[in-house]
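Since the structure is predicted, the reported quantities are computational estimates derived from the model, not experimental observations. Letters A, B, ... are given to chains in the order of the sequence lines, protein chains preceding strands, and every chain is numbered from 1.
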There are 6 protein chains.
Amino acid sequence: MALFDMPLAEMRAYRPERAEPADFDAFWRSTLDQAAGHDLAAEFRPYDAALTEVEVYDASFAGWGGHRISGWFIVPKHAAGPVPCVMHYIGYGGGRGTPHDHLVWPASGRAVFVVDTRGQGATSGNNAGATADPDGGVHPQSPGFMTRGILAPEHYYYRRVFTDAVRAVDAAKSHPAVDPGRVYVSGGSQGGGITTAVAGLRGDVAAALVDVPFLTHFRRALEITNDDPYQEIVRFLKTQRNADEQVFRTLSYFDGQHFAARAACPALYSVALMDQTCPPSTVFASYNHWAHPEKSIEIYPWNGHEGGSAEHRSVQLRWLKGVGGV
Amino acid sequence: MALFDMPLAEMRAYRPERAEPADFDAFWRSTLDQAAGHDLAAEFRPYDAALTEVEVYDASFAGWGGHRISGWFIVPKHAAGPVPCVMHYIGYGGGRGTPHDHLVWPASGRAVFVVDTRGQGATSGNNAGATADPDGGVHPQSPGFMTRGILAPEHYYYRRVFTDAVRAVDAAKSHPAVDPGRVYVSGGSQGGGITTAVAGLRGDVAAALVDVPFLTHFRRALEITNDDPYQEIVRFLKTQRNADEQVFRTLSYFDGQHFAARAACPALYSVALMDQTCPPSTVFASYNHWAHPEKSIEIYPWNGHEGGSAEHRSVQLRWLKGVGGV
Amino acid sequence: MALFDMPLAEMRAYRPERAEPADFDAFWRSTLDQAAGHDLAAEFRPYDAALTEVEVYDASFAGWGGHRISGWFIVPKHAAGPVPCVMHYIGYGGGRGTPHDHLVWPASGRAVFVVDTRGQGATSGNNAGATADPDGGVHPQSPGFMTRGILAPEHYYYRRVFTDAVRAVDAAKSHPAVDPGRVYVSGGSQGGGITTAVAGLRGDVAAALVDVPFLTHFRRALEITNDDPYQEIVRFLKTQRNADEQVFRTLSYFDGQHFAARAACPALYSVALMDQTCPPSTVFASYNHWAHPEKSIEIYPWNGHEGGSAEHRSVQLRWLKGVGGV
Amino acid sequence: MALFDMPLAEMRAYRPERAEPADFDAFWRSTLDQAAGHDLAAEFRPYDAALTEVEVYDASFAGWGGHRISGWFIVPKHAAGPVPCVMHYIGYGGGRGTPHDHLVWPASGRAVFVVDTRGQGATSGNNAGATADPDGGVHPQSPGFMTRGILAPEHYYYRRVFTDAVRAVDAAKSHPAVDPGRVYVSGGSQGGGITTAVAGLRGDVAAALVDVPFLTHFRRALEITNDDPYQEIVRFLKTQRNADEQVFRTLSYFDGQHFAARAACPALYSVALMDQTCPPSTVFASYNHWAHPEKSIEIYPWNGHEGGSAEHRSVQLRWLKGVGGV
Amino acid sequence: MALFDMPLAEMRAYRPERAEPADFDAFWRSTLDQAAGHDLAAEFRPYDAALTEVEVYDASFAGWGGHRISGWFIVPKHAAGPVPCVMHYIGYGGGRGTPHDHLVWPASGRAVFVVDTRGQGATSGNNAGATADPDGGVHPQSPGFMTRGILAPEHYYYRRVFTDAVRAVDAAKSHPAVDPGRVYVSGGSQGGGITTAVAGLRGDVAAALVDVPFLTHFRRALEITNDDPYQEIVRFLKTQRNADEQVFRTLSYFDGQHFAARAACPALYSVALMDQTCPPSTVFASYNHWAHPEKSIEIYPWNGHEGGSAEHRSVQLRWLKGVGGV
Amino acid sequence: MALFDMPLAEMRAYRPERAEPADFDAFWRSTLDQAAGHDLAAEFRPYDAALTEVEVYDASFAGWGGHRISGWFIVPKHAAGPVPCVMHYIGYGGGRGTPHDHLVWPASGRAVFVVDTRGQGATSGNNAGATADPDGGVHPQSPGFMTRGILAPEHYYYRRVFTDAVRAVDAAKSHPAVDPGRVYVSGGSQGGGITTAVAGLRGDVAAALVDVPFLTHFRRALEITNDDPYQEIVRFLKTQRNADEQVFRTLSYFDGQHFAARAACPALYSVALMDQTCPPSTVFASYNHWAHPEKSIEIYPWNGHEGGSAEHRSVQLRWLKGVGGV
């Protein structure tokens with residue numbers, strides 16, 4: 001895969017104007033308030049994963065609309081006292097999978113809370129999910145989740161997803177094994193976009209691990225990549241030819257750059273220069289807007305959307321120690 | 001595209017056992033009864049399509065759940081008295097498009113009622129739709145519509161679609177320009193599947209035009225084709241590895257063969273022998289089960305899913321005359 | 001499909017130098033004169049398309065070399081007096097198809113004359129044609145029509161096609177149902193290229209509808225797109241390595257820009273910014289050279305070669321009214 | 001590439017019924033007689049290929065319709081007296097290329113006469129040709145040469161090609177350097193099909209080298225392969241939906257099996273079991289019908305259409321010695 | 001992906017004749033003896049993976065030829081006394097990756113020994129390896145490892161790999177944390193093939209976990225799949241046209257069926273019915289020959305080569321308990 | 001294929017800074033010295049290729065490490081006295097093939113020495129090789145040869161290949177039929193890269209024919225093309241994420257630009273502007289650094305990696321005459 005985006009030097013300085021809607025904060029305040037009307041009702045049912053060194057819970061809580069959101073909550077067995085907890089949000093199309101997919105953080109002495117993305121988790125090559133999105137939207141959609149409700153911010157799919165994600169932190173904090181002062185948010189691709197949103201919407205997370213984030217700088221992404229899932233929106237616009245303005249208005253409430261500009265915690269980003277799914281310039285746009293001064297970005301020059309993969313886990317483990325880890 | 005299905009001679013006689021659920025009729029009776037609880041509320045708003053020889057209406061009515069279903073209703077301008085009406089259901093991914101796409105039936109002196117498929121009509125290469133599917137389902141789904149609610153017949157997407165389609169006939173009949181004794185149902189691919197369902201669920205349609213129908217003989221289709229949209233279900237099963245039995249139970253309430261076996265009107269089918277989207281053996285399975293004795297099938301030996309395309313329109317126009325046309 | 005051509009702002013002003021051969025007008029004058037040596041011999045045989053609201057004729061006339069060129073001529077049944085007539089030229093690979101494909105203009109009270117492209121109309125996915133190109137050329141060709149006779153303007157395939165198209169207008173005007181002062185030319189892709197040529201070669205057409213035109217600004221097109229049919233020429237040049245100069249000389253007699261620069265009627269263009277078949281900068285090159293001051297261009301920012309499709313029909317119907325419609 | 005045709009053992013015995021038209025011989029006799037009306041007018045112009053050990057001629061002669069057919073005629077420089085001559089016919093899309101492509105036979109002490117295929121030789125990846133097919137046919141065609149004139153045997157493209165090939169032998173024999181009793185015919189793919197035709201139409205060739213022959217057992221080929229060029233005919237039939245019977249009637253005059261059944265000389269075939277372009281069962285169908293008892297077939301079990309390539313040249317050189325070589 | 005192999009019922013009974021070379025056992029005995037000439041020299045260097053609940057070692061030992069083979073050895077931190085150890089062999093192209101990829105077995109209270117495959121682990125999408133194959137072979141090879149040394153069993157790449165794998169068990173047993181009576185072998189795809197080989201070559205492993213195994217029933221695999229890595233051998237044979245017999249002779253010493261027929265421990269297999277990389281019939285051929293009576297096979301009917309993925313981990317964890325687990 | 005590299009005018013002047021390692025010459029001197037420790041032991045065994053006008057030898061000699069390197073040596077039969085000899089190096093993946101592939105130079109009165117590339121020649125679509133690379137390297141590699149030993153110049157595969165190629169010239173010169181003052185080096189793609197290296201490493205070759213050379217200006221190539229074989233290195237770097245610097249250090253000893261800058265003989269290059277395998281700017285970088293003033297470059301503007309193919313042979317034959325040919 002050849003390089004296709006700006007030269008690296010340009011990207012390092014790339015900090016495009018943000019066209020933030022005037023009522024961005026109001027929109028999200030009202031959104032979270034509305035969700036807060038539903039009791040969190042976090043549940044942690046012990047789950048037999050045939051593992052002896054960790055405790056596994058089939059967790060759930062009431063997300064947007066009071067809909068049940070599933071997740072795995074996994075704690076190291078031999079911990080003495082509350083441990084830090086890593087919130088883990090999932091990449092596009094995937095679900096929480098099995099507990100066996102999420103053992104790195106527990107092996108490092110931390111808890112992990114893996115949060116399902118509503119409606120997703122039923123696509124080949126990804127892990128199964130267990131959470132519905134009962135809200136089908138009020139207009140047609142292109143297959144996929146990117147265009148569900150895209151004609152109005154109130155109806156947009158990611159309004160519900162981001163709200164679920166924000167409330168998942170409350171669910172994690174509600175568990176006695178978790179040290180509420182050391183909750184981290186993390187995720188790659190869509191999970192990176194969600195991570196950015198949660199970091200921007202809550203003042204109380206201790207750090208963010210953002211890998212090759214999606215849902216950022218939409219217009220540029222739509223114009224420079226041929227790859228899904230950004231292309232789901234292009235396909236929508238190809239057919240719904242007059243929806244253009246309305247769609248970009250909606251997206252302006254969900255752009256990772258705006259959340260980054262509000263982030264109040266340290267962040268470790270990663271970016272891959274041959275990533276056609278989440279083009280590197282859009283990642284740098286988010287990173288360069290990140291408000292908290294303690295931040296760094298790991299560059300994988302020859303990788304595509306897989307970015308640093310498992311190898312980046314080591315970088316994160318080391319970085320977290322410096323930030324206030326175990 | 002090479003031949004890939006059974007030899008033609010075998011297909012002509014192919015009439016597989018139907019594994020129909022015992023409560024098939026009860027399920028559909030209760031479904032339609034439940035829908036009947038909502039007033040039909042058919043509306044026909046005149047629409048300026050800049051055409052002078054037809055009258056165009058932006059039509060809508062209350063489908064399943066009382067949700068508004070959109071469509072185009074187009075009548076020849078110079079008709080004297082009520083005319084026959086062709087119900088037209090749409091192929092997968094498409095919407096009602098523009099009135100200009102639907103002028104053949106009006107040019108033949110008939111009305112046409114083009115029915116949106118809820119949620120669809122926002123995909124590149126297909127016409128735009130204007131109808132939502134507000135019902136997002138109660139579990140994850142694979143992108144596309146094939147797996148929305150697929151874990152239970154009550155929640156399955158096509159329960160809502162077929163019900164909309166049945167009620168669309170009522171909407172058409174309610175218009176004074178339509179001769180209620182000469183309502184035909186028609187469609188290709190997904191539209192052919194819907195056509196079969198409506199013919200099986202109502203005793204009062206005068207004829208059915210079924211082209212390369214989808215949604216028929218699911219298990220065989222899933223096993224012999226690599227093509228979407230059947231593959232959406234395969235992708236779902238790849239990830240939701242234990243859902244197999246539940247999925248096939250659901251599908252057994254929606255198989256075109258069971259509707260065909262209840263059909264009480266003449267039918268003209270078409271089939272294409274190189275069709276990998278709706279394999280010819282599954283089309284013959286439906287055709288061979290069609291209950292009404294007056295039926296014929298047009299075979300396009302060298303075509304794929306495009307089947308007879310516009311050329312088949314001529315065959316239909318001639319056939320309809322014999323059946324009781326204008 | 002990502003954007004791949006110039007930025008829109010640049011394209012709006014893009015009006016490249018035209019390298020027109022000195023004898024361009026002489027070439028075409030002599031070409032049309034030579035064709036005029038054959039009697040037009042227009043024929044309109046009534047055709048039973050099983051339609052009641054239009055009259056359909058299987059039309060033909062003598063094109064270049066006196067070869068018979070087929071077409072459909074369709075008139076609204078209920079017209080009182082002569083009606084305007086839309087000439088419709090076909091996209092690459094397609095033929096006139098069936099009358100049922102061409103009912104929009106009749107439904108708007110206009111006649112339509114659909115002109116076959118000689119030799120074409122026998123390719124999967126397009127409508128069937130009924131017209132031969134008996135002239136096989138005097139040197140090898142790459143499969144397709146783009147390189148038939150490409151080593152000399154006298155032998156080039158499109159010399160014959162453009163001449164056929166020019167004479168088709170005469171055929172249309174010869175029919176009593178047509179108002180000769182209101183003949184419009186129209187077409188998309190190859191049909192758009194032919195439309196431009198006819199508008200440039202005749203002073204008497206009333207308006208031109210040019211969609212995503214092909215056959216324009218050849219060298220740039222060959223250099224920036226990977227798509228057929230422009231690539232047919234590249235494949236030819238790959239093998240006939242020394243034919244380069246000769247080929248571009250031939251093409252200079254057929255470039256849409258030169259015809260546009262001679263156009264004496266209003267025009268409505270459409271262009272799609274993600275069109276890799278007919279790159280948008282080549283469309284703007286033609287549009288910006290269009291000589292008549294009454295012109296406008298509809299931009300489809302997220303579409304590929306499908307452009308505005310049926311939705312653009314509405315735009316055309318409205319525009320035609322303003323220009324001197326029904 | 002997996003095996004996709006019959007098991008080898010079955011193919012070895014595969015000798016399908018031949019549905020030969022009653023007037024097959026009459027058709028070809030009249031065809032060749034008609035061509036004989038044109039003087040052969042063979043020309044051999046010395047050509048400077050910067051080679052010192054061979055003599056190269058830019059050859060030509062009057063083929064079907066008196067059209068000039070080009071070729072290379074190359075003789076070893078140091079030959080004493082007339083030498084055998086190998087006629088070489090070209091694969092689909094290619095032309096005679098350069099003399100440097102054809103030095104094996106001269107290096108073995110034989111002359112070679114490389115015959116252009118009219119109209120071909122302008123396609124990427126193949127060698128350039130220098131011969132036109134001025135006869136464009138009397139109906140539309142699908143891009144490529146397979147469907148040019150396919151609606152009637154009189155007009156079919158290969159009638160002209162086979163006639164050219166038959167007359168090329170006369171041209172070769174007319175040169176004093178050639179021993180007329182030792183003229184061999186050879187070719188792969190389309191060239192193999194032409195070779196079969198020439199061997200079936202002339203009694204005077206000394207041997208045939210037939211590699212992975214094309215143009216044989218058409219119906220089976222169309223039904224079991226997805227590959228071009230056979231698919232050109234399928235694409236034609238997809239669009240020209242009613243031409244089916246007419247097309248197969250035409251092809252029955254050009255099927256390699258019928259020529260093989262008339263062959264009066266020894267033959268060496270080669271076949272590749274993973275060949276999707278010219279499926280092995282169609283090759284065996286030809287081979288098993290070959291009339292002369294001295295024949296053998298070399299099987300390349302793991303190859304596709306490339307067959308034995310250069311390595312098979314060694315097999316041919318050895319085989320020719322046994323048959324009556326240098 | 002459509003079904004492409006035998007029907008399931010047939011596969012359940014599919015137990016093809018094994019064409020085992022007479023000196024199969026002698027070959028392997030001499031191979032292992034020769035390797036035993038090198039001191040094992042197992043090393044376990046503590047490795048800082050920033051994990052607190054496991055102990056990680058960068059392990060290595062002398063494999064075939066005394067070459068150093070790398071691996072990860074990971075033990076649960078809180079174990080009391082020796083634990084069972086799972087040997088894990090890697091799929092084609094991958095290496096041992098990072099310790100973070102291998103935490104399931106430690107989380108279940110077992111050690112894991114992840115064994116690099118020599119030369120592999122430098123391919124996109126797979127984990128990095130750290131082990132060379134210094135033995136380049138004595139003839140050309142097709143890119144990939146499948147054909148390195150394939151012209152003679154003595155030189156074949158997998159002779160070295162299987163030997164490394166057998167010796168890895170000795171290395172694992174040499175560590176004091178391991179209970180030598182409870183060493184299991186496991187792996188998927190290539191790792192499944194290696195697992196089978198080790199189980200067949202050593203009498204002392206306690207159980208085998210074999211997922212979608214590769215390197216089994218070679219001839220059938222080469223004939224029915226188009227996918228790599230089996231196709232590497234086909235590509236080799238396409239070019240080295242005379243090597244056929246020699247290649248299959250070599251492969252007969254490495255066929256999983258022969259190792260299965262010698263297996264002396266219980267086994268849990270998994271197979272996927274849409275697996276084109278390791279076709280299901282070849283998996284059943286191995287399974288049906290497995291000699292030990294305690295065996296079962298998990299079938300994933302709708303999956304490709306991903307098989308049961310993480311979900312199958314649960315099945316294995318439960319199965320291992322029944323066999324004699326923790 | 002669209003143009004994708006710099007504009008031609010820019011490329012003509014493109015002469016990037018060369019980052020040559022300080023010990024470049026020392027490295028190669030010591031390499032060749034080390035090889036010289038092995039006796040050349042050139043052998044020429046007569047080979048029966050069934051050709052009468054040339055003499056064919058199965059040649060071999062001791063290359064790097066004393067490993068036997070195979071080749072074909074072919075001399076015109078009728079030569080009087082020593083002839084010039086063209087060294088021919090092979091493109092990636094191919095081997096020496098059969099003698100029948102290499103008859104152009106003998107037909108022009110010159111000898112040809114075709115040199116196998118060690119390890120290669122077993123890949124579909126290329127000719128068979130007969131030479132091993134016994135040196136497997138000391139770390140993992142990505143499939144293919146590009147990354148074998150890439151972590152250190154001492155171990156890199158092309159160190160061995162270039163050394164073989166240098167010594168092949170000695171082998172050729174050792175044959176009495178060869179005029180040692182007129183040895184030319186030639187090759188395309190990988191063969192062009194090897195040709196450059198030999199020209200840079202020996203002062204005694206009389207001319208170089210360099211076609212679309214590979215192995216040049218690595219970093220730019222990796223960044224602008226998606227095609228193999230350059231992408232083999234990218235895949236390696238994707239997995240071996242920390243090897244970046246080490247890899248580029250190794251490659252700096254093998255970059256065609258450095259060899260070109262040392263070339264002491266005339267050169268004829270060819271380049272293709274649509275070549276995505278060996279991008280034209282990297283070819284110009286080598287050409288523009290070529291030290292000898294007598295040089296020219298043939299540009300194929302519409303071709304991809306096939307470049308001028310056989311047609312370029314004519315250009316070379318003519319050029320060689322001017323330089324001091326037969």
Taking all non-hydrogen atoms of both residues into account, name the closest pair between [X] and [Y] and its distance.
X        : Y        : answer
E:Ala310 : A:Asp101 : CB-OD1, 3.0 Å
E:Val104 : A:Leu103 : CA-CD1, 3.6 Å
E:Thr52  : A:Ser108 : OG1-C, 3.1 Å
E:Pro106 : A:Glu53  : O-CG, 3.2 Å

Check whether A:Ala107 gets within reach of chain E through its side chain, its backbone, both or neither, counting any heavy atom under 4.5 Å.
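Its backbone and side chain both get close to chain E.
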Flag the pair A:His100 / E:Ser314 as yes when at least one side-chain heavy-atom distance between them is below 4.5 Å, and no otherwise.
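Yes, at least one pair of side-chain atoms sits under 4.5 Å.
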Using a 4.5 angstrom heavy-atom cutoff, name the option from A:Ala50, A:Pro99, A:Pro76 with the most pairs to chain E.
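With the most close heavy-atom pairs to chain E, the winner is A:Ala50.
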Contact leader toward chain E among A:Arg313, A:His78, A:Glu311, where contacts are heavy-atom pairs under 4.5 Å
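Ranked by contacts with chain E, first place is A:His78.
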CZ-CG distance between A:Arg318 and E:Asp48, expressed to the nearest 0.5 angstrom:
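Output value for this atom pair is 8.5 Å.
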